[in-house]
Amino acid sequence: MAGTFKFELVSPERILLSEDAEQVIVPGMDGQFTVLAGHAPVISTLRPGVLDAQLAGGRRRVFVRGGFAEVGPEHLTVLTQHMLDLQHIDAEKLASEVASAEQMLAEAKDDAARMVAIEAVERLKELRA
Amino acid sequence: MASLKDMRNRIASVKATRKITKAMQMVAAAKLRRAQDAATAARPYAERMARVLGNVTASVANKSGASPLLVGTGKDQVHLLIVMTAERGLCGGFNTNIARLARQDAIRLLKEGKTVKILTVGRKGYDSLRRDYARQVVDRVDLKGVKQLTFANAEDIAHKVLAMFDAGEFDVATVYFSEFKSVIAQKPTALQLIPATIPEGQASGSLNVYEYEPSEEEILGYLLTRNISTQIFRGLLENAASEQGARMSAMDNATRNAGDMINKLTIRYNRQRQANITKELIEIISGAEAL
């Protein structure tokens with residue numbers, strides 16, 4: 001593995017994570033992609049899914065509900081409005097997230113609804129894992 | 001001349017007032033710290049958003065058919081003024097200043113024959129604008145129960161604005177809020193929201209080198225909608241910090257004034273008391289002399 005890059009996870013309210021990472025798997029709109037150091041610059045929107053980061057200090061998995069990622073050779077910035085850290089999570093929290101996702105599904109229309117459906121399914125998969 | 005008892009009461013009441021304003025000042029100072037922290041914490045998101053938006057815009061802008069959120073509807077007939085103020089008063093000129101700026105613009109626009117619509121956020125702005133512009137105020141948002149502003153608050157407002165925009169109810173949207181310069185300086189600011197004012201791509205060197213997934217247009221559309229919420233959120237946070245700053249300095253002034261007043265009243269009270277004693281002495285002495 002060639003070197004590390006700066007990985008930042010930012011929500012509108014604050015910076016959630018700012019660390020050096022070796023590898024991050026990003027749930028891009030057109031499919032998952034893996035970011036390593038020296039990646040070509042990409043701007044991509046995200047679908048709801050799991051960010052899987054290999055940080056200097058270990059693995060970190062974070063669920064994001066949409067957002068977008070800006071990738072450069074030496075940095076990855078993910079802007080998201082809603083995230084859930086899978087590190088300290090319990091079944092109860094997950095269940096409430098699923099419930100809120102399903103509620104959003106009920107309220108959303110066509111395109112957005114499909115997105116949320118994917119999200120909810122993925123959540124449930126998480127739950128089993 | 002007021003009696004001694006009246007003056008004692010007066011002093012006691014001013015002292016009570018001073019206690020209250022002092023307490024309010026301290027509460028405002030504590031809240032200010034929190035509001036400032038929130039505003040600082042929110043900055044990175046807005047900055048990165050602006051950077052990406054600048055880049056994307058630079059690579060898309062030349063193409064025709066860009067989103068009306070960026071290039072406008074082609075008209076500027078109907079203006080929407082989003083006036084953000086506080087929920088509560090007793091914070092110096094804070095609310096008045098924002099409302100005044102908005103009112104000036106409203107007057108100017110009306111003079112130019114444009115249509116003005118107003119969306120107020122916060123009770124104070126609504127109270128002060130409805131007097132003159134009752135017909136123009138189309139909607140209002142109250143943040144009364146909100147203790148800590150979250151992005152969801154900003155999104156609610158953004159959804160409202162976007163829904164109106166999609167329905168073709170206005171052409172240009174401007175937000176009015178108070179920019180937090182420092183604890184003693186807050187600057188009422190107008191910021192055009194739609195069509196978006198895009199910061200020039202600062203990273204001109206890295207322009208156009210990005211790949212976009214999915215297409216640039218789709219990303220731009222997504223970013224522009226998000227940008228509205230982000231800008232509104234920024235405005236709300238700046239406003240919250242400004243409000244507490246303004247309240248703090250207003251209450252500081254009030255406390256100092258109350259102190260001055262207490263000093264003055266106390267001096268007057270003591271003079272009066274001494275004058276009374278002297279008068280009584282004179283009466284006693286002259287009574288004794290007459291014997």
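Every value quoted in this text rests on a predicted model; they were computed, and no experiment measured them. Chain letters run A, B, ... following the sequence lines, proteins first and then strands; every chain starts at 1.
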For [X], is it the side chain, the backbone, both or neither that has a heavy atom under 4.5 Å from a heavy atom of chain A?
X	result
Leu237(B)	neither
Glu155(B)	side chain
Ser229(B)	neither
Phe151(B)	both
Arg234(B)	neither

Is any side-chain heavy atom of [X] closer than 4.5 Å to a side-chain heavy atom of [Y]?
X	Y	answer
Tyr45(B)	Thr230(B)	yes
Leu143(B)	Leu149(B)	yes
Glu87(B)	Asp142(B)	yes

Checking heavy atoms, do the side chain of [X], its backbone, both or neither come under 4.5 Å from chain B?
X	result
Thr80(A)	backbone
Glu70(A)	side chain
Thr45(A)	both

Going through the distances and angles, do Glu47(B) and Arg51(B) end up as a salt bridge (Lys or Arg N to Asp or Glu O under 4.0 Å)? CA-CA 6 Å; Glu47(B) 273 166 14; Arg51(B) 193 179 65 203; over 6 Å; no

Pair count under 4.5 Å, heavy atoms only, with chain A: among Arg43(B), Met49(B), Arg48(B), highest is Arg48(B)

Greatest number of non-hydrogen atom pairs under 4.5 angstrom with chain B, of Ile15(A), Thr77(A), Val10(A), falls to Val10(A)

message: With a sphere of 6.0 Å drawn around CD of Glu169(B), does it hold more than 12 non-hydrogen atoms of other residues, nucleotides or ligands?
response: yes

Aromatic plane relationship, Phe68(A) with Tyr222(B) - under 30° parallel, 30 to 60° tilted, over 60° perpendicular: perpendicular

Inset, instruction - Would you kindly say whether Asp105(B) and Tyr176(B) are connected by a side-chain donor-acceptor distance under 3.5 Å? - result: yes

